[in-house]
Amino acid sequence: MLLGAIADDFTGASDLANTLAKGGMSTVQFSGFGGTAPDCEAGVVALKTRSAPVGDAVAQSLAAARWLLDQGCEQLVFKYCSTFDSTPQGNIGPVAEALLDLLGAEVAVVCPAFPGAGRRLFMGHLFVGDRLLSETGMRHHPLTPMTDPDIRRWLALQTAGDVGSILLDTVRAGPEAVRAAFAAEAAAGRRLVVADAIADEDLMTIGAAVADHRLVTGGSGIAQGLPRNFRARLGGPADAAAVPAVTGPGVVLCGSCSTASQRQVALYAASHPALAVDPAALMEGEISVDGVADWIARQGRRTPIVYSTAAPEAVADAQARFGRAAVAARFEDFFAALARRLADTGTRRIVVGGGETSGAIVEALELSSMHVGREIDPGVPVLVGERDGPLGLALKSGNFGAEDFFEKALRQVGAP
Ligand SMILES: Nc1ncnc2c1ncn2[C@@H]1O[C@H](COP(=O)(O)OP(=O)(O)OP(=O)(O)O)[C@@H](O)[C@H]1O
Ligand SMILES: O=C(O)[C@@H](O)C(=O)CO
């Protein structure tokens, strides 16, 4: 394994794995680590640390980093969200500083930009589409409200050291200029350096400039320029289609309430059997995994969807009534147990909406590693794990995917 990555959530991990696989690296996604990894050129460890207490996030990230180094990795990537989801306490700054210390590294880039998904960094400020980050729905995120679009200022709240900056003019001057700028920031004692990028070509320039850095941090975009640094040692173009073939019944499980998921659920439900899980019914024990599994079995080959996706007012209502953490945990447990039951009774294709929901499901399925296949929509690849034969998954980050994502994902994950 040449390149090792630590992602702070599960859909983020598959977003990054997708970028590395597209760049020609044979890539495996791990949920958990230990022992010797299967043969691959890039390994991505999925953690669930985005909103964990700072100390836990640091400890888990360091443990994952040590394991990746033991597998022979020469460079580590710390992947966080392209909307820089974090609080004034962390977890991006503390994890990045702890990884720098572990690696004995002088400097690392900080770049959440992902132009393909509309996330651009200009003058240290993060935009989503044509809006500053703090003027989007991210301002009201339930766990990590992003109220300041200046990533340098926001990160400085989280770090012990000062934060550096490389602006677009320097990036456009090419890799040599960027290398010199990193060296100048490091010499001034600024170890975390926020770099502007508004287009894929900027990410390629930064990727070339950080070829000899031990640590790289960012959204999945920052990984676009990394595979080519290893080109001479790669085994040839990885054939993403070479993941094991998957055949069998499918299901869509959506626990994401994002705007994109709402549209995707509505479109899919218009032409497939659909079951909305009501929070009150779930909390009061009127809905059971057995009951829903029976309902799914009765749909035959019509590939149903089960979802908790609801409008913001309905989510707020359920949270006020039962408590935010309690509802979230109950839904995650429900989807996890349902996925496990379905996989045990023949389902082979599972398409999931939502990062937390995906984490709960993959853990319940005990898939310690998954091969990364072709991209379904930007940032979402086909994944194939092993559980009594090949089991195909797609883990969709809340805001990712075209409106017809679920239908398309089921088709690409495998055959009925
Ligand atoms: N109807 C609902 N009411 C309250 N909470 C819900 C409801 N449906 C789902 N949830 C909870 O909301 C959370 C949704 O998070 P999840 O990460 O799965 O989706 P997301 O935030 O849209 O995706 P991402 O993290 O990839 O952006 C989960 O913890 C889920 O259990
Ligand atoms: O970077 C992103 O936007 C995604 O990979 C993600 O992390 C969403 O949870």
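Numbers here simply count residues along the sequence, with the first being 1. We count ligands from 1, going down the list as the structure has it; atoms in each ligand are counted the same way. Note that the structure is a prediction, hence the values are computed from the model and not measured.
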Review point. Any donor-acceptor pair under 3.5 Å linking the side chain of Q29 with the backbone of S369?
Key: no
Point to revise | Ring center gap for F406 and H272 short of 6.0 angstrom | key: no
**Study point:** E41 side chain vs L234 backbone, donor-acceptor pair below 3.5 Å
**Key:** no
Exercise for review: Would you please name every residue forming a side chain to side chain donor-acceptor pair (under 3.5 Å) with D344, sequence neighbours left out?
Suggested key: R387
Check your understanding: Would S14 and T11 count as having a side-chain donor-acceptor pair, cut-off 3.5 Å?
Key -> no
Practice item. Compute whether any side-chain donor of one residue and acceptor of the other, for Y80 and T217, lie under 3.5 angstrom apart. Key: yes
**Study point:** Donor + acceptor pair across side chains of T83, D85 (<3.5 Å)
**Key:** yes
Can you pull every nitrogen or oxygen pair between ligand 2 and the protein closer than 3.5 angstrom?
{"residue": "ligand 2", "atom": "1 (O)", "partner": "K79", "partner atom": "NZ", "Å": "3.0"}
{"residue": "ligand 2", "atom": "1 (O)", "partner": "S82", "partner atom": "N", "Å": "2.9"}
{"residue": "ligand 2", "atom": "1 (O)", "partner": "S82", "partner atom": "OG", "Å": "3.4"}
{"residue": "ligand 2", "atom": "3 (O)", "partner": "S82", "partner atom": "OG", "Å": "2.6"}
{"residue": "ligand 2", "atom": "3 (O)", "partner": "R119", "partner atom": "NH1", "Å": "3.3"}
{"residue": "ligand 2", "atom": "5 (O)", "partner": "D15", "partner atom": "OD2", "Å": "2.6"}
{"residue": "ligand 2", "atom": "5 (O)", "partner": "K79", "partner atom": "NZ", "Å": "3.0"}
{"residue": "ligand 2", "atom": "7 (O)", "partner": "R50", "partner atom": "NH2", "Å": "2.7"}
{"residue": "ligand 2", "atom": "7 (O)", "partner": "K79", "partner atom": "NZ", "Å": "3.0"}
{"residue": "ligand 2", "atom": "9 (O)", "partner": "D9", "partner atom": "OD2", "Å": "2.9"}
{"residue": "ligand 2", "atom": "9 (O)", "partner": "R50", "partner atom": "NH1", "Å": "2.9"}

Review point. Just checking, any donor-acceptor pair under 3.5 angstrom between side chains of S358 and K396?
Key: no
Practice item. Please list, by chain and number, the protein residues whose heavy atoms come under 4.0 Å of ligand 1. Key: T11, G255, S256, C257, S258, P279, S308, A310, V315, V327, A328, F331, E332, G354, G355, E356, T357, S397, G398
Exercise for review: Can you run down the side-chain hydrogen bond (donor to acceptor under 3.5 Å, both in side chains) pairs that involve residues 50-69, sequence neighbours left out, and say none if there aren't any?
Suggested key: D8-R50, D9-R50
